Amino acid sequence: MKKTMTLITAGVLTVGMLAGCGAKNDTNGGNASEGGGDSNEKVTLTVWGMGEEAKTLPKFADEFTKENPNIKVNVQALPWDQGHDKLLTAVASKKGPDVVQMGSSWVAEFADAGVLADLSPYVTQYPELNPDNFYPGAVAAGKYNDKYVSSPWYVETRVLFYRTDMLKSVGFDKAPATWDELSDAAQKLTKAGGSGKYGMSIDPKEQSLGFMFARQNGANWFTADNQPNFNDPKFVEAVSYVNSFYQNGSAPKDLGLDIVPAFKEGILPMFISGPWMIKLIQDQAPEINGKWALAVLPKKENNMSVLGGSNLSIFEYSKNKDAAAKFVAYMSKAETQLKWMDSTSSLPAVTSAWDNDKLKNDPNYQVIGEQLKTAQPMPVLKSWAQIGDSYLKHFEVIYRSNADVKKEMDSFNADAAKLMK
């Protein structure tokens, strides 16, 4: 998904703005043997890409067309905050793109609406689409009701960023490896830093973190009959653990500082974030090169992280499905995803790409690659965005007023049950 730490709020988009944006269907195909994949019939595909990265997509579309001169690709770059509403309009009109970039948290909603084609019939023809090629978590993010509706494109996960010099000064020669060590290090760094400095940053507005820590504690998010289980003792214990950083003063509730300068100045010597932060630190804080590193997340029962990123889906109403599958397969090749990484810094979802020297030999990417092995997406559930919002509201009561965690999680669980009906 989009590389931010906040949820996307979709803007209002009128139907009139969508006029003329539907796929240009030059054939009457619609299965794995039609629609311009291997025929000589000319096909024009419309691809919707999201955010800044989508501005790079036309270059890749041109390379694809050089290899497949009978398939022209028109790319439309959409802002993330408009993409959701534009897709909703496409669902209503049954007119939209042939291929669409899907944020991992959108898959369930649009698959449930029946507008994402099942990719399984195309795997034999285009083996690049085989789910076995990708990180398991990325594949899970693209499945809904056992249908393979979205092929992994790029991935990201959360790891621990830490100041090696400052950790060493409080007795840690390596990164904290357990929950207890993380809490101990954060408190020691806070004490050593003095007024206005903290041990680490845990963004209280990042909804995924509470769920991530619950997973690490062995909590089952749902019961056997698929009811929410967010007041399970292990879930409550995990939220209490996260809250302890705010209550003992080792993590700020409200700081108002950008993380890079705060990391550079030692105000926040540890934080949890994704791979996009690597280049930002290297570019904006070269003074601390050699004084920071990445580590896989500390563990309780496990050290599972969150998996995010983007997938590519075929619009169910496309009349060029085979050509669309061929394009998605092209974007799923290891060599294409490595070129995409060079252009955008987005990390490959296909595991064979991680044998590349740049990824294999860079210690930072080695850590991310290791963490990706156990990273899992948020549930592919159409009401998940609303459930996440509800969690943040209850968690704010907890960390701001040190409210009873069990009571708040009981209330949150009841809210989630209503949202899932």
Side-chain angles (χ1 to χ4, degrees), residues 3-6 156-206 208-210 212-213 216 238-300 303-306 362-368 370-371 395 399-400:
K3 296 175 180 175
T4 68
M5 300 296 282
T6 57
E156 55 94 347
T157 191
R158 304 294 192 270
V159 294
L160 181 69
F161 289 72
Y162 69 103
R163 287 285 299 268
T164 53
D165 56 341
M166 296 181 68
L167 263 291
K168 190 171 184 178
S169 72
V170 295
F172 285 81
D173 291 329
K174 57 184 180 179
T178 67
W179 277 20
D180 287 344
E181 288 182 5
L182 182 66
S183 179
D184 183 42
Q187 291 180 68
K188 286 178 177 176
L189 286 165
T190 301
K191 184 177 180 179
S195 178
K197 293 190 177 182
Y198 301 86
M200 74 176 297
S201 171
I202 302 178
D203 186 351
K205 294 182 174 60
E206 172 51 81
S208 65
L209 294 182
M212 181 188 79
F213 279 104
Q216 292 176 1
V239 175
S240 298
Y241 173 76
V242 177
N243 184 46
S244 70
F245 287 83
Y246 305 107
Q247 302 312 318
N248 65 30
S250 57
K253 299 175 184 178
D254 301 287
L255 190 58
L257 289 178
D258 289 339
I259 190 64
V260 174
F263 190 58
K264 180 180 74 172
E265 298 300 327
I267 298 170
L268 296 171
M270 295 192 296
F271 66 95
I272 295 170
S273 191
W276 59 90
M277 291 301 304
I278 296 171
K279 191 172 189 309
L280 288 177
I281 297 171
Q282 290 171 339
D283 291 348
Q284 298 179 22
E287 304 93 328
I288 60 171
N289 283 348
K291 298 179 180 180
W292 63 277
L294 273 61
V296 295
L297 295 175
K299 69 180 293 186
K300 183 69 180 299
N303 76 331
M304 282 188 184
S305 188
V306 178
D362 186 306
N364 290 329
Y365 289 118
Q366 287 176 356
V367 170
I368 293 168
E370 184 64 26
Q371 188 71 73
F395 185 60
Y399 78 80
R400 288 203 182 279

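What you are looking at is a predicted structure, and each value in this text was computed from that prediction instead of being measured.
- Under the 4.5 Å side-chain criterion, counting only non-hydrogen atoms from C-beta, Phe213 is in contact with Trp179.
- A donor-acceptor pair under 3.5 Å is formed between the side chain of Thr190 and the backbone N or O of Ala186.
- Contact record, Pro269 with Gly266: CD-O, 3.7 Å, taken as the closest heavy-atom pair.
- For Phe263 and Phe161, the gap between ring centers reaches or exceeds 6.0 Å.
- With rounding to the nearest 0.5 Å, the separation of CD in Gln371 from CD in Gln366 is 14.0 Å.
- At least one donor-acceptor pair under 3.5 Å links the side chain of Arg163 to the backbone N or O of Lys264.
- Across all non-hydrogen atoms, the minimal contact from Ala295 to Val367 is C-CG1, 3.5 Å.
- Using a 4.5 Å cut-off on side-chain heavy atoms (C-beta onward), Met277 and Phe271 make contact.
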Original post:
Should Lys205 and Asp203 be marked as a salt bridge (Lys or Arg N to Asp or Glu O under 4.0 Å) after you check the CA-CA gap, both sets of side-chain angles, and the distance that decides it?
Top reply: CA-CA 5 Å; Lys205 294 182 174 60; Asp203 186 351; 5.9 Å; no
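- Using modelled atom types, no side-chain atom of Glu156 and backbone atom of Trp276 make a donor-acceptor pair closer than 3.5 Å.
- At a cut-off of 3.5 Å, with distance as the only test, no side-chain donor of Thr178 or Asp180 sits close to an acceptor on the other residue.
- Note that CD of Gln187 and OG of Ser244 are 7.0 Å apart. Values are rounded to the nearest 0.5 Å.
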**OP:** Start with the C-alpha gap between Leu209 and Val242, add the side-chain angles, then the distance that decides, and say whether side chain to side chain contact (heavy atoms under 4.5 Å, CB included) holds.
**Re:** CA-CA 9 Å; Leu209 294 182; Val242 177; over 6 Å; no
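- Gln216 places no side-chain N or O within donor-acceptor distance of the main-chain N or O of Lys299, the cut-off being under 3.5 Å.
- Minimum interatomic distance between Val296 and Leu160 (heavy atoms only, all atoms of both residues): O-CB, 4.5 Å.
- Looking only at side-chain heavy atoms (C-beta outward), Met200 and Ser250 stay at 4.5 Å or farther from each other.
- With Tyr162 contributing its side chain and Pro176 its backbone, the two residues share no donor-acceptor pair below 3.5 Å.
- Contact detail for Ser305 and Thr157: the closest heavy-atom pair is OG-OG1, 3.0 Å.
- Under the 3.5 Å distance criterion, the side-chain polar atoms of Glu287 are left unmatched by any main-chain donor or acceptor of Glu265.
- A tilted orientation is assigned to the rings of Phe395 and Tyr399, their planes being inclined by 30° to 60°.
- Listed here is the closest heavy atom pair of Asp165 and Lys291: OD1-O, 3.3 Å.
- Glu206 contributes atom CD, which lies 10.0 Å from atom CD1 of Ile272 (distance to the nearest 0.5 angstrom).
- The side-chain heavy atoms of Ser201 and Ile259, taken from C-beta on, include a pair separated by under 4.5 Å.
- Annotation for Lys253: atom NZ counts as buried by contact number, over 12 foreign heavy atoms lying within 6.0 Å.
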Original post:
What do the steps show when you test Asn364 against Gln282 for side chain to side chain contact (heavy atoms under 4.5 Å, CB included), and what is the final call?
Top reply: CA-CA 12 Å; Asn364 290 329; Gln282 290 171 339; 4.2 Å; yes
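- You'll find the side chain of Leu268 reaches within 4.5 Å of the side chain of Pro252, heavy atoms only.
- Other residues, nucleotides and ligands place more than 12 heavy atoms under 6.0 Å from the CG atom of Asp362.
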Subject >> Ile368/Ile278 under side chain to side chain contact (heavy atoms under 4.5 Å, CB included): CA gap, chis, key distance, verdict >> reply: CA-CA 11 Å; Ile368 293 168; Ile278 296 171; 3.6 Å; yes
**OP:** With side chain to side chain contact (heavy atoms under 4.5 Å, CB included) as the test, would you mind laying out the steps for Met270 and Leu182 before giving the verdict?
**Re:** CA-CA 10 Å; Met270 295 192 296; Leu182 182 66; 3.9 Å; yes
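- Minimum interatomic distance between Pro298 and Asn303 (heavy atoms only, all atoms of both residues): O-CB, 3.8 Å.
- Shown are Leu167, Leu189, Thr164; of these, the side-chain contact (heavy atoms from CB on, under 4.5 Å) with Phe172 is made only by Leu167.
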Subject >> Arg400 and Asp254: CA distance, side-chain angles, deciding distance, salt bridge (Lys or Arg N to Asp or Glu O under 4.0 Å) verdict >> reply: CA-CA 10 Å; Arg400 288 203 182 279; Asp254 301 287; 2.7 Å; yes
